[in-house]
Amino acid sequence: MDTASYFCSNDTKRNKYLNDWYNDKVVPNSVYRDFIKQSDEVEWEKLKNYYKQLSKINHRTYRSLAYSYALGSKERLVYEGANSNSFMILPHAIAMYYALIGNLICHFVTKIIDSKIISSAEIKMFWDEALEKEDEERRFISPQEVLKRYLEEADDIT
């Protein structure tokens, strides 16, 4: 995404890097990051934090690695793929990755609109087509329902 944004920029070196890329050479992430640092300080401040958070997932910091484990029986740590009967994925890991992919999609959409590859009207049309027409019925109770049940049980005790 960032490479494509850089190739659409007005930087004088972009053609050299684009040719390198087409010749199967790696364009380092630092090329785009340095360009943003020099040309848009406000954007760089936003991206700096964003990249730092993504790096924690890519490089598996303690916290991101810990999301892949749960406390099993007899207080043993269980890895998300350790269930011998079937493949188990912990719900909090799934939720975290859905949030990350959603954020990456939003970042990508912003970049392709800014690069004038596609218009915001076209994005809205694609987005509307991608969403389901009807919401899926909840299979789990909502936090509001949990609170309601709790309050009802509390009333029964008194």
Side-chain angles (χ1 to χ4, degrees), residues 1-72 77-144:
M1 293 182 299
D2 293 339
T3 305
S5 295
Y6 176 72
F7 294 153
C8 290
S9 73
N10 59 0
D11 189 50
T12 56
K13 298 178 193 170
R14 73 184 173 136
N15 288 333
K16 176 222 179 291
Y17 287 116
L18 182 60
N19 287 328
D20 286 350
W21 185 74
Y22 275 118
N23 288 316
D24 206 27
K25 294 179 184 172
V26 173
V27 178
N29 291 330
S30 60
V31 170
Y32 176 73
R33 292 177 186 176
D34 290 344
F35 170 72
I36 289 297
K37 280 182 206 176
Q38 294 169 4
S39 60
D40 191 343
E41 289 180 32
V42 175
E43 179 70 8
W44 173 244
E45 285 304 313
K46 286 189 243 174
L47 286 177
K48 185 169 57 172
N49 188 45
Y50 181 75
Y51 290 137
K52 195 180 295 184
Q53 295 303 315
L54 280 180
S55 182
K56 290 178 181 181
I57 299 299
N58 292 337
H59 300 293
R60 301 297 279 183
T61 62
Y62 167 77
R63 179 173 280 167
S64 67
L65 190 59
Y67 283 128
S68 300
Y69 289 85
L71 192 59
L77 281 179
V78 178
Y79 181 65
E80 67 182 354
N83 187 347
S84 60
N85 296 334
S86 65
F87 189 71
M88 177 182 76
I89 300 176
L90 304 171
H92 56 280
I94 294 170
M96 179 181 70
Y97 288 120
Y98 270 136
L100 283 170
I101 193 71
N103 186 269
L104 284 171
I105 289 168
C106 290
H107 184 72
F108 175 74
V109 165
T110 301
K111 290 294 176 192
I112 63 173
I113 290 172
D114 289 348
S115 300
K116 296 181 178 34
I117 294 171
I118 194 168
S119 71
S120 55
E122 290 170 306
I123 289 290
K124 182 176 179 347
M125 181 186 71
F126 293 141
W127 191 260
D128 290 344
E129 286 178 15
L131 294 177
E132 296 175 0
K133 301 299 178 218
E134 295 182 20
D135 289 338
E136 194 65 30
E137 187 176 324
R138 288 187 83 95
R139 292 178 285 182
F140 306 101
I141 62 173
S142 68
Q144 292 83 4

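Just so it is clear, the values below take in all heavy atoms, side chains as well, and ignore hydrogens, waters and symmetry mates.
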Euclidean distance, Leu100 CG relative to Ile105 CD1, rounded to 0.5 Å: 11.0 Å
With Asn19 via side-chain hydrogen bond (donor to acceptor under 3.5 Å, both in side chains) - residues at least two apart: none
If you measure from OG on Ser30 to NZ on Lys37, what distance do you get to the nearest 0.5 Å? 8.5 Å
Is Arg14 close enough and on-axis enough to Tyr6, meaning under 6.0 Å and within 45°, for cation-pi? no
Between Phe108 and Ile113, does a side-chain contact (heavy atoms from CB on, under 4.5 Å) hold up when you go through it step by step? CA-CA 9 Å; Phe108 175 74; Ile113 290 172; over 6 Å; no
Do Val27 and Phe7 come within less than 4.5 Å of each other through their side chains, counting heavy atoms only? yes
Got a sec, which residues hit side-chain hydrogen bond (donor to acceptor under 3.5 Å, both in side chains) with Asn103, two or more places apart in sequence or on another chain? Tyr50
Distance-only donor-acceptor hits, side chain of residues 40-47, under 3.5 Å, sequence neighbours excluded:
from	atom 1	to	atom 2	distance (Å)
Asp40	OD1	Val42	N	3.4
Asp40	OD1	Glu43	N	3.1
Glu43	OE2	Lys111	NZ	3.3
Glu45	OE1	Lys48	NZ	3.4
Glu45	OE2	Lys48	NZ	3.4

Side chain proximity check, Ile123 to Ile112, heavy atoms < 4.5 angstrom: yes
Note: Phe35 and Asp11 closest approach over all heavy atoms is CE1-CB, 3.5 Å
Could you tell me whether a side-chain N or O of Glu129 sits under 3.5 Å from a main-chain N or O of Phe126, the two making a donor and an acceptor? no
Run Tyr17 and Lys25 through side-chain contact (heavy atoms from CB on, under 4.5 Å) and show every step you take. CA-CA 9 Å; Tyr17 287 116; Lys25 294 179 184 172; over 6 Å; no
